[in-house]
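Each remark here refers to the structure printed beneath this line.
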Amino acid sequence: MDLYDSANRFQEGDWVRTTQLIEFADGCIFRTRNTRYVLAGPGARKSAELTTVLKIF
């Protein structure tokens, strides 16, 4: 996986936790309150119960 962070906050292999999703456009642009991400590559989709997701926060 290639990772490019124009603000130099993350290194390849780092775990990234963002603020809440505000907009998801064109199947690859993920916008939060502070940052815009371009999702590239095959990726993976995961499902989880809401109660499990809420435990993260």
Side-chain angles (χ1 to χ4, degrees):
M1 174 185 95
D2 289 329
L3 172 72
Y4 174 73
D5 174 28
S6 61
N8 294 316
R9 295 168 296 182
F10 310 111
Q11 299 295 316
E12 186 169 339
D14 284 355
W15 189 80
V16 177
R17 181 174 169 180
T18 71
T19 54
Q20 290 182 319
L21 170 71
I22 292 175
E23 179 182 15
F24 186 67
D26 300 326
C28 66
I29 300 172
F30 180 94
R31 183 169 70 95
T32 67
R33 183 175 37 128
N34 304 315
T35 307
R36 284 163 182 77
Y37 300 89
V38 176
L39 306 176
R45 183 174 291 247
K46 302 289 182 182
S47 297
E49 296 292 325
L50 179 59
T51 54
T52 302
V53 173
L54 293 175
K55 289 178 184 178
I56 296 171
F57 301 95

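Scanning both residues, Thr32 and Ile22, for their nearest heavy atoms gives C-CD1, 3.5 Å. Heavy atoms only, all atoms of each residue included: Phe24 and Leu39 are closest at CE1-CD1, 3.7 Å.
For the atom pair CZ of Arg9 and OG1 of Thr35, the computed distance is 4.5 Å after rounding to the nearest 0.5 Å.
The salt bridge (charged side-chain N to carboxylate O under 4.0 Å, His left out) pairs that include a residue from residues 18-43 are Glu23-Arg31, where partners are two or more places apart or lie in different chains. Residue pairs meeting the ring-ring contact (aromatic ring centres under 6.0 Å, His included) criterion with at least one partner in residues 26-48, sequence neighbours excluded, are Phe30-Tyr37.
In the hydrophobic cluster analysis, where Ile, Leu, Val, Met, Phe, Trp and Tyr join through side-chain heavy atoms closer than 4.5 angstrom, Phe10 is grouped apart from Ile29.
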